[in-house]
Amino acid sequence: MWKIGSVTLPNRVVAAPLAGISNAAFRQIAHAMGAGLIYTEMISDKGIEHANKKTLSMLEIGPEEGIVALQLFGAEHRSLERAVKQVNALSSAAIIDFNLGCPVPKVVKGNGGASLMKDIDLAASLLQTMVNASDKPITAKIRAGWNQSDRNAVPMAQALEAAGAAAIAVHPRTRAQMYSGHADWTLIKAVKQAVKIPVIGNGDIRRPEDAARMLDETGCDAVMIGRGLLGNPWLLQATRVYLATGKKPEAVSLTDRLAMIRHHAQNLIEEKGEHVAMLEMRSHAAWYLKGQRDATTFKRHMSQVSTWAELDQGLRDYQEHIEKTG
């Protein structure tokens, strides 16, 4: 167990914020798989300030989602302050996180996300405004820096700690790298050595052994798993068990994969309705079956499904094919 501010976390396995992925349907699965802390996808402070219906619905956190950190992005003091106050009033999220790492052009052009890595003073001031407005712990997720010549994660983390951050998550790629190349774990270690608050390491965790190695090499307090969860939420459970016992996981069976696709789809239907759920499941189903035998034809079918019946029948057809061709 470890703590972020007043919040006690049951283990050191954290599910990262994934845009378009980390919705309530996915968070329920992540909690069932044993993640100690689960982030929402990033949410616009402006959307909250202007009471956008869709944005406000993203503040809803159910008890079946575990301990949740709700991630905000923005670059203005007033709107972030108002958004934090609304989250405190309306959401049961345990923690509020400030996004200083999103590299996508739309967010960066608005001076949010990774753009704030270029201005330590502004980033720290914004976070302090959030801390002053909140009853919940405020954390931050940062990158290595803006580019290779400006890798300023250490002074950024120190400034955020001084401004009141309760923890720092570090994705040690620069904004210029986006998601390419390798995550430089030595930077996670440098940040951990430079601050007294908890540090969460993020980047290139594909197996439980990677998580154990990150903890050992960097001294970080917890590991955050992101893209490695696409089609593989079992990685959360496997990592939790491996860190606790050293036991390696068994391979996930096709039966379990098909059952998870159905479960994920049903969660999404309940949250968003059948039409939107099926559009999202086109990608999820392909991820779940990546590398499985004779899955190519099925994935082509999945890229066109628009109803639960079509999804379910496609799963039945695929399972029957595998059983016949054994």
Atom pair NZ/NZ of Lys290 and Lys299 - distance to nearest 0.5 Å:
8.0 Å
Partners meeting salt bridge (charged side-chain N to carboxylate O under 4.0 Å, His left out) with Arg12 (sequence neighbours left out)
none
Minimum-distance pair of heavy atoms, taken over all atoms of Met214 and Cys220:
CG-SG, 3.9 Å
Is Lys196 salt-bridged to Glu161, going by a charged N under 4.0 Å from an acidic O?
no
Provide the closest heavy-atom pair for Leu229 versus Ala15 in the form atom of the first, atom of the second, distance.
CD1-CB, 4.1 Å
Check Glu81 with Lys85, please: is the shortest side-chain N to carboxylate O separation under 4.0 Å?
yes
NZ/NE/NH1/NH2 to OD/OE distance under 4.0 Å, Asp204 and Arg213
no
For Gly231 and Tyr288 the tightest heavy-atom approach is O-CD2, 3.4 Å
Calculate, to the nearest 0.5 Å, the distance between atoms CD1 and OG belonging to Ile43 and Ser91 respectively.
7.5 Å
Does NZ or CZ of Arg143 lie under 6.0 Å from the centre of the six-membered ring of Tyr179, at an angle within 45° of the ring axis?
yes
Main-chain N/O of Lys54 paired to Ser57 side chain as donor or acceptor, under 3.5 Å:
yes
Between Arg27 and Glu64, does any side-chain N to carboxylate O distance fall below 4.0 Å?
no
Can you measure from CD1 (Ile269) to CD (Glu280) and round to the nearest 0.5 angstrom?
11.5 Å
Nearest heavy-atom approach of Ala123 to Leu116 is CB-O, 4.0 Å
Give a yes or no on this: more than 12 heavy atoms of other residues, nucleotides or ligands lie within 6.0 Å of atom CD of Glu310.
yes
Taking atom CG of Asp45 and atom NE2 of His77, what is their separation to the nearest 0.5 Å?
11.5 Å
Heavy-atom closest contact (Glu274 atom, Ala309 atom, distance):
OE2-N, 4.4 Å
Would you kindly confirm whether Leu279 and Ile21 end up in one hydrophobic cluster when ILVMFWY residues are joined by side chain heavy atoms under 4.5 Å apart?
no
Scan Arg151, Arg173, Gln177, Lys189 and name whichever one has a side-chain hydrogen bond (donor to acceptor under 3.5 Å, both in side chains) with Asp184.
Arg151
